[in-house]
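Order of the sequence lines sets the chain letters (A, B, ...), proteins ahead of strands, with each chain counted from 1. Values reported hereafter were calculated over all heavy atoms of this structure, with side chains retained and with hydrogens, waters and symmetry mates removed.
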Protein chains: 2
Amino acid sequence: MVRLSKKVEYGLIAIRHIAAHPSDVVTAKEIADKYQIPYELLAKVLQRLSREGLITSQQGVRGGYSLTKNPNEITVSMIINAIEGNSLAIAQCMTEGPESCDVFNVCTIKSPLSKVQANIENAFDTMTLAQIV
Amino acid sequence: MVRLSKKVEYGLIAIRHIAAHPSDVVTAKEIADKYQIPYELLAKVLQRLSREGLITSQQGVRGGYSLTKNPNEITVSMIINAIEGNSLAIAQCMTEGPESCDVFNVCTIKSPLSKVQANIENAFDTMTLAQIV
DNA sequence: CCTAAATAGGACTTAACAAGTCGGAGTTCG
DNA sequence: CGAACTCCGACTTGTTAAGTCCTATTTAGG
Ligand code: SF4
Ligand code: SF4
């Protein structure tokens with residue numbers, strides 16, 4: 001409950017590693033080996049990050065990944081959203097709308113919870129990649 | 001991902017309701033009906049809250065639940081912890097120790113994440129029941 | 001002193017999601 | 001061409017959340 005998924009953790013570790021080696025093009029295998037992360041899983045995460053434009057991919061033999069922006073332009077929220085698709089919500093009505101919860105009309109806690117939510121969002125939003133390298 | 005469990009949401013709704021009716025002893029059935037919450041589930045949540053001392057229970061015919069403390073002495077963290085048992089952690093190494101994660105030694109993100117964690121804890125810690133009634 | 005209305009709590013089943021795996025396709029350098 | 005890469009969806013498995021069921025135990029009130 002209230003836990004980051006492994007995909008996100010792996011993604012953070014990976015993109016931090018990429019950021020820490022700005023002059024190299026690093027491969028998925030390299031990262032998987034170094035951090036003992038299941039290769040297939042990591043590969044998918046990197047693909048997601050690439051598709052969302054946070055990193056670029058270079059296919060083929062001397063391929064791999066590198067950053068597209070400055071580390072201080074990439075926030076942790078951006079990374080999470082890229083990997084999990086905007087699911088960073090403490091309650092389901094916040095991402096999936098009022099209809100998703102059949103208690104919505106009588107729910108007395110959604111407004112206080114949305115304050116907490118804003119707080120949490122802010123925490124992930126103000127932390128950039130540059131700060132964790 | 002990063003979502004409160006239904007048990008916690010139900011617990012919050014329930015305890016808020018109890019707090020909003022200070023002179024009454026309210027029953028589980030009453031709350032379940034009013035908020036369309038599955039009775040059995042809610043009952044267990046209330047039992048947990050009672051066992052942890054946040055509310056008192058009165059058994060028997062005219063029984064039910066009522067608060068033990070002032071609403072401003074009960075924080076949302078206390079409620080969550082009572083229901084879920086101290087599982088309010090963004091990463092598993094934070095509650096289950098270093099051994100629980102086989103990436104721990106090489107993990108490069110645990111220290112930044114613990115800052116986020118502190119932030120989140122603070123958010124739940126500073127919000128009291130009095131504020132959500 | 002019996003009964004109805006309540007809490008107490010374990011065991012169980014089901015549903016949802018996260019984690020990991022597999023197979024095959026596309027790309028590029030040498 | 002072939003090795004070293006990325007790409008991507010479908011699949012299986014494992015874990016946790018959500019909900020149900022059953023059977024105590026307690027107690028006010030007739
Ligand atoms: S409506 Fe209330 S209960 Fe339903 S999801 Fe939003 S917060 Fe949780
Ligand atoms: S060690 Fe790193 S990866 Fe493992 S749980 Fe803690 S934060 Fe997540």
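Contact check, A:Ser50 against D:dC7: a side-chain N or O comes under 4.0 Å of OP1 or OP2. The side chain of B:Arg62 places no N or O atom within less than 4.0 Å of a non-bridging phosphate oxygen (OP1 or OP2) of D:dT26. Contact check, B:Tyr39 against C:dT7: a side-chain N or O comes under 4.0 Å of OP1 or OP2. Remark: A:Gln47 is not in phosphate contact with D:dG9, judged by side-chain N or O atoms under 4.0 Å from OP1 or OP2.
The distance from atom CD of A:Gln36 to atom C1' of C:dG20 is 16 Å, rounded to the nearest whole Å. One atom, CD of B:Gln92, and another, C1' of D:dG14, lie 14 Å apart when rounded to the nearest Å. In this structure, B:Glu9 places its CD atom 12 Å from C1' of D:dA18, rounding to the nearest Å. Residue A:Tyr35 contributes atom OH, which lies 18 Å from atom P of C:dG20 at whole-angstrom precision. Atom pair A:Tyr65:OH and D:dA4:P shows a separation of 17 Å (rounding to whole Å applied). One atom, CD of B:Gln58, and another, P of C:dA6, lie 12 Å apart when rounded to the nearest Å. Distance, A:Arg48 CZ to D:dT6 P: 17 Å, rounded to whole Å. Spacing between atom CD1 of B:Ile55 and atom C1' of C:dA6 amounts to 14 Å, rounded to whole angstrom units.
With hydrogens and angles disregarded, a donor-acceptor distance shorter than 3.5 Å links the side chain of A:Ser77 to the backbone of A:Asp125. Between the side chain of A:Thr68 and the backbone N or O of A:Gly53, at least one donor-acceptor pair lies under 3.5 Å. With A:Ser114 contributing its side chain and A:Gln117 its backbone, the two residues share no donor-acceptor pair below 3.5 Å. Remark: the backbone N or O of B:Ser100 is paired with a side-chain donor or acceptor of B:Gln92 at under 3.5 angstrom.
For the atom pair CG of B:Leu12 and CG of B:Leu49, the computed distance is 9.0 Å after rounding to the nearest 0.5 Å. Atom CG in B:Leu42 sits 5.0 Å away from atom CD1 in B:Ile37 (nearest 0.5 Å).
Shown here are the side-chain hydrogen bond (donor to acceptor under 3.5 Å, both in side chains) partners of B:Glu96, two or more places apart in sequence or in another chain: A:Arg3. Partners of B:Lys115 by salt bridge (charged side-chain N to carboxylate O under 4.0 Å, His left out), not counting sequence neighbours: none found. For the side-chain contact (heavy atoms from CB on, under 4.5 Å) test, residues two or more places apart in sequence or in another chain that qualify with B:Asn81 are B:Asn86. Looking at residues two or more places apart in sequence or on another chain, you find no ring pair (Phe, Tyr, Trp, His ring centres under 6.0 Å) involving B:Phe124. Legend: residues meeting side-chain hydrogen bond (donor to acceptor under 3.5 Å, both in side chains) with A:Arg48, ordered by chain and number and at least two apart, are absent.
Contacts between residues 14-34 of chain B and DNA chain C, defined by a heavy-atom separation under 4.0 Å, are made by B:Thr27, B:Ala28.
Sorted by first and then second residue, the ring pair (Phe, Tyr, Trp, His ring centres under 6.0 Å) pairs with a member in residues 32-66 of chain B read B:His17-B:Tyr35; sequence neighbours excluded. Every pair tested for side chain to side chain donor-acceptor pair (under 3.5 Å) that includes a residue from residues 18-28 of chain A fails, sequence neighbours excluded, so the list is empty.
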Set out, line by line, the N/O atom pairs under 3.5 Å between protein and nucleotides 16-19 of chain C.
{"residue": "C:dA18", "atom": "OP1", "partner": "B:Met1", "partner atom": "N", "Å": "3.3"}
{"residue": "C:dA19", "atom": "OP1", "partner": "A:Lys6", "partner atom": "N", "Å": "2.9"}
{"residue": "C:dA19", "atom": "OP2", "partner": "A:Lys6", "partner atom": "N", "Å": "3.0"}

Check nucleotides 10-13 of chain D against the protein and report each pair of N or O atoms closer than 3.5 Å, with its distance, or say if there are none.
{"residue": "D:dA10", "atom": "N6", "partner": "A:Lys44", "partner atom": "NZ", "Å": "3.2"}

Atom pairs under 3.5 Å, N or O on each side, protein against nucleotides 23-27 of chain C: can you list them with distances?
{"residue": "C:dT27", "atom": "O4'", "partner": "A:Gln59", "partner atom": "OE1", "Å": "2.7"}
{"residue": "C:dT27", "atom": "O2", "partner": "A:Gly60", "partner atom": "N", "Å": "3.4"}

Return a table of donor-acceptor pairs under 3.5 angstrom between the side chains of residues 55-63 of chain A and protein atoms on other chains or two or more places apart.
{"residue": "A:Thr56", "atom": "OG1", "partner": "A:Ser66", "partner atom": "O", "Å": "3.3"}
{"residue": "A:Thr56", "atom": "OG1", "partner": "A:Ser66", "partner atom": "OG", "Å": "3.4"}

